[in-house]
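Just so it is clear, the values below take in all heavy atoms, side chains as well, and ignore hydrogens, waters and symmetry mates.
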Amino acid sequence: MAIKVSTKYAVSEEALRSISDEMKSAHHTLVEGIGAGNDYLGWLTLPRDYDKEEFSRIKAVAKKIQDTSEVLLVIGIGGSYLGARAAIELLKSPYYNQLPKNTPEIYFVGNNISGDYLTEIVELIGTRDFSVNVISKSGTTTEPAIAFRIFKTMLEERYGKGGAKERIYATTDKARGALKSLADSEGYETFVIPDNVGGRYSVLTPVGLLPIAVAGVDIDAMMDSTEKTMQALIADESFENPAWRYVGARNLLYRDAKKTEILGCFEPRFRFMAEWWKQLFGESEGKDGKGLFPASVDFTADLHSMGQYIQEGERTLFETIVTIENPNHNVVIGATEDNLDGLNFLAGVNMAHVNRQAFLGTVLAHVDGGVPNIEISMERTDAASFGALVYFFEFACGLSGYFLGVNPFNQPGVEAYKKNMFALLGKPGYEDSTAALRSRLDA
């Protein structure tokens, strides 16, 4: 397995063994497709069963975008952008857009309703050639729909309707919805969001694969690794299975009144991987009055801001730290003649070694302070390791949801704010709610 899990600083082996029957039941519920939400299990065997013809088109379109555009805009929100951004920052760099490269800059829009943000993206594009990948199952989600209106108009003004349609790629439902209807009428090339894959599980579908491929990532290696991970996780019904170990530990800690899980990493490039993870587990488990609260930190930076609370604050949290065994670069620390900073004892030492000791020292300090720690290690930041980590978390999330006793594939609570927002904006059909909401705001 490319992914390993250590729980020695979190729970005992005896405690894990005590929940073996519950884990086995959750495992069978997931892999046999007999639980709530089982119509959204398409991701489970996706690494083996994905559409190979569409996969080839993804690679061809990615090459076309690379050849014709200096900028790609990815329009989407939640699961429609977090996975792709996580991949590009982890596998390329958080500074991907600024670094020299032979691939387009990639900006993510339609994930907020800020006019300032959108205006700045327009300024960043300037007069350069650009393309758009709009991602939406329905085409009516407010944030991406607003952004698409603006950039569709910008493309048509710059290239004409005929030229614009060659630069707009729609990832949407295979048969219905506003975006699918528009794509068919305008002649946009389309890719399918599978009916049986929810947004937060869609990284390895065209939702994530097209932007990732445009950035120059080897998606063949990604999918090959993911299939191997799928086979291993489905087959192993023991705590040698890293997903069992992770899920068992986090749920035992939850039963022991740990209510918050903090995901951290000692590499800044992991930041948006944590953002993707927060949606995955937050939407999947946060329902029926249950669920760990998913939070994240960037170490070592956040040791200088959140470290005090983690060390000595309320003892209702635990940490899951992702470590990378083989960093991309070796940076050796030099010596100075005056040694004013007192660091000459590190002369000749690789920064990766220092980072590892910072991790180990942090774990020991936090465990001593009453914060259990789970370690998830990945071999390196390459396409194969990314695919393995994504599938590991997806499998663990489905398993954990069934262990917890919730449907890990629905998200009924996300509609509440939308109904209020539409009523306050005066959307037709919401008039009955507008007056009541206004009175509450004015009270």
Does the side chain of [X] come under 3.5 Å of the side chain of [Y] through a donor N or O and an acceptor N or O?
X: T381; Y: N328; result: yes
X: S400; Y: Y246; result: no
X: S385; Y: R380; result: no
X: S238; Y: N241; result: no

Output all residues satisfying side-chain contact (heavy atoms from CB on, under 4.5 Å) with V192, sequence neighbours left out; order by chain, then residue number.
->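 Testing V192 for side-chain contact (heavy atoms from CB on, under 4.5 Å), a comparison that skips the adjacent residues, returns E54, K174.
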With R255, which residues qualify under side-chain contact (heavy atoms from CB on, under 4.5 Å), at least two apart?
->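 Applying side-chain contact (heavy atoms from CB on, under 4.5 Å) to R255 gives I19, E22, F403.
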NZ/NE/NH1/NH2 to OD/OE distance under 4.0 Å, [X] and [Y]:
X: K278; Y: E283; value: no
X: R17; Y: E14; value: no
X: R57; Y: E189; value: yes

Residues that [X] engages under side chain to side chain donor-acceptor pair (under 3.5 Å), provided they are two or more places apart:
X: Y417; result: E143
X: S93; result: none
X: S114; result: none

Taking only residues at least two apart or on different chains, which pairs with a member in residues 5-28 satisfy ring pair (Phe, Tyr, Trp, His ring centres under 6.0 Å)?
->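 For residues 5-28, and leaving out neighbouring residues, the ring pair (Phe, Tyr, Trp, His ring centres under 6.0 Å) pairs sorted by first residue read H27-W244, H27-F395.
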When the side chains of residues 263-272 are checked against the rest of the protein, which donor-acceptor pairs come out under 3.5 Å, sequence neighbours left out?
unit_1: R269; atom_1: NH1; unit_2: L90; atom_2: O; d: 2.7
unit_1: R269; atom_1: NH1; unit_2: K92; atom_2: O; d: 3.4

Among all residues two or more places apart in sequence or in another chain, which pass the salt bridge (Lys or Arg N to Asp or Glu O under 4.0 Å) test with R176?
->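 Once residues adjacent in sequence are excluded, the partners of R176 under the salt bridge (Lys or Arg N to Asp or Glu O under 4.0 Å) criterion are D173.
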Parallel under 30°, tilted from 30 to 60°, perpendicular over 60°: which one fits the rings of Y81 and F108?
->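 Rings of Y81 and F108: tilted, as their planes differ by 30° to 60°.
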Parallel, tilted or perpendicular for W43 and F409, by the 30°/60° rule?
->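 Rings of W43 and F409: tilted, as their planes differ by 30° to 60°.
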Could you pull out all residues at least two apart from F148 that satisfy ring pair (Phe, Tyr, Trp, His ring centres under 6.0 Å)?
->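 Here no residue qualifies.
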Ring pair (Phe, Tyr, Trp, His ring centres under 6.0 Å) against Y188, all qualifying residues, sequence neighbours excluded =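 Partners of Y188 under the ring pair (Phe, Tyr, Trp, His ring centres under 6.0 Å) test: none.
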Pairs meeting criterion side-chain hydrogen bond (donor to acceptor under 3.5 Å, both in side chains) with involvement of residues 310-326, two or more places apart =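 As it turns out, the side-chain hydrogen bond (donor to acceptor under 3.5 Å, both in side chains) pairs with a partner in residues 310-326, which skip direct neighbours, are E261-T320, Q308-E312, E319-H366, E319-N373, T323-E375, E325-S377.
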Output every pair passing side-chain hydrogen bond (donor to acceptor under 3.5 Å, both in side chains) with a member in residues 388-398, not counting sequence neighbours, ordered by first then second residue.
->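 Counting only pairs at least two positions apart or across chains, no side-chain hydrogen bond (donor to acceptor under 3.5 Å, both in side chains) contact touches residues 388-398.
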Qualifying residue, where the test is side chain to side chain contact (heavy atoms under 4.5 Å, CB included) with P47 and the options are K228, M230, M222 =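 Answer after filtering K228, M230, M222: M230.
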Between Y254 and F318, does the ring centroid distance fall short of 6.0 Å?
->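 Distance test on ring centres: not under 6.0 Å, no.
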